[in-house]
Amino acid sequence: MSHKTNYLSVLTLILFFCSLTALAGPVAGTQKAPKEVKPAAMNEKAKTPDEWKKCLTPEQYHVTREKGTERAFTGEYWNNHKEGSYHCVCCGTELFGSETKFDSGTGWPSFYKPADSKHVAEEHDTAHGMQRTEVHCAKCTAHLGHVFPDGPKPTGLRYCINSASLKFQEKRK
């Protein structure tokens, strides 16, 4: 199978899952009611766009502050198999542990649950004509990615997260 055929197969799968998500609507049971998110959530000092641009790379800024998405299979952590924890690149809050990471085949780091549910907030997202559930850091509101109802047990959820929104901390041996 050629590289181009592989790429087209992956792209077809991603589009298929996106269309299923659009039909299914938001993830049932992931949140009782949308949480109001404030820029200075949990006493985090709100930064101006210029302040964020000084401490983030252009890609990190685009993903976390402008709700962007990195290209599949290009992020630093999509294929990371080391033990450790994944933290918010903006504020350092622990978001996910390596023990909940799994290979979803999508090209983005995927987890079946957050390290602490209080650290990840959800919001209904209708961008690009789709019905999805966005996830962001509850402390600093950094956009992380989306959560979908097609993950493994025990939760059945797939937190599809941009590597650009994460900082990995390897477990000390």
I161 and V135: CA distance, side-chain angles, deciding distance, side-chain contact (heavy atoms from CB on, under 4.5 Å) verdict: CA-CA 8 Å; I161 307 299; V135 290; 3.7 Å; yes
Is there a side-chain contact between [X] and [Y] (heavy atoms, below 4.5 Å)?
X	Y	value
K67	E134	yes
S165	H136	no
T106	S110	yes
L166	V89	no
K101	P109	yes
S163	W108	no
C160	V147	no
R65	T141	yes

Aromatic ring proximity Y86/F111, centre distance under 6.0 Å: yes
Looking at residues at least two apart in the chain, or sitting in another chain, which of them share a side chain to side chain donor-acceptor pair (under 3.5 Å) with [X]?
X	answer
K53	none
S85	H87
T64	none

Donor-acceptor contact below 3.5 Å, side chain E51 vs main chain T48: yes
Considering all heavy atoms, the nearest G105-F73 contact: O-CZ, 3.6 Å
Closest heavy-atom pair and its distance - K47, C55: NZ-SG, 3.8 Å
H146: partners by ring-ring contact (aromatic ring centres under 6.0 Å, His included), with sequence neighbours left out: H143
Straight-line distance of L157 CG to D150 CG, nearest 0.5 Å: 9.0 Å
Distance in Å, T69 OG1 paired with E59 CD, rounded so as to fall on 0.5 Å steps: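 Output value for this atom pair is 10.0 Å.
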Side-chain cluster (under 4.5 Å, hydrophobic types only) that F102 belongs to, other residues: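 For the cluster that includes F102, the remaining residues are Y112.
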Side chain to side chain contact (heavy atoms under 4.5 Å, CB included) partners for H128, two or more places apart: M130, R132
Distance-only criterion, 3.5 Å: show the donor-acceptor pairs between side-chain atoms of residues 90-99 and protein atoms not counting sequence neighbours.
{"residue": "S98", "atom": "OG", "partner": "G84", "partner atom": "N", "Å": "2.9"}
{"residue": "S98", "atom": "OG", "partner": "G84", "partner atom": "O", "Å": "3.1"}

Summary of salt bridge (Lys or Arg N to Asp or Glu O under 4.0 Å) pairs that have at least one residue in residues 72-92, sequence neighbours excluded: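 Every pair satisfying salt bridge (Lys or Arg N to Asp or Glu O under 4.0 Å) with a residue in residues 72-92: E83-K171.
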Sequence-distant partners of E70, salt bridge (Lys or Arg N to Asp or Glu O under 4.0 Å), two or more places apart: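 Scan of E70 (salt bridge (Lys or Arg N to Asp or Glu O under 4.0 Å), adjacent residues dropped) gives none.
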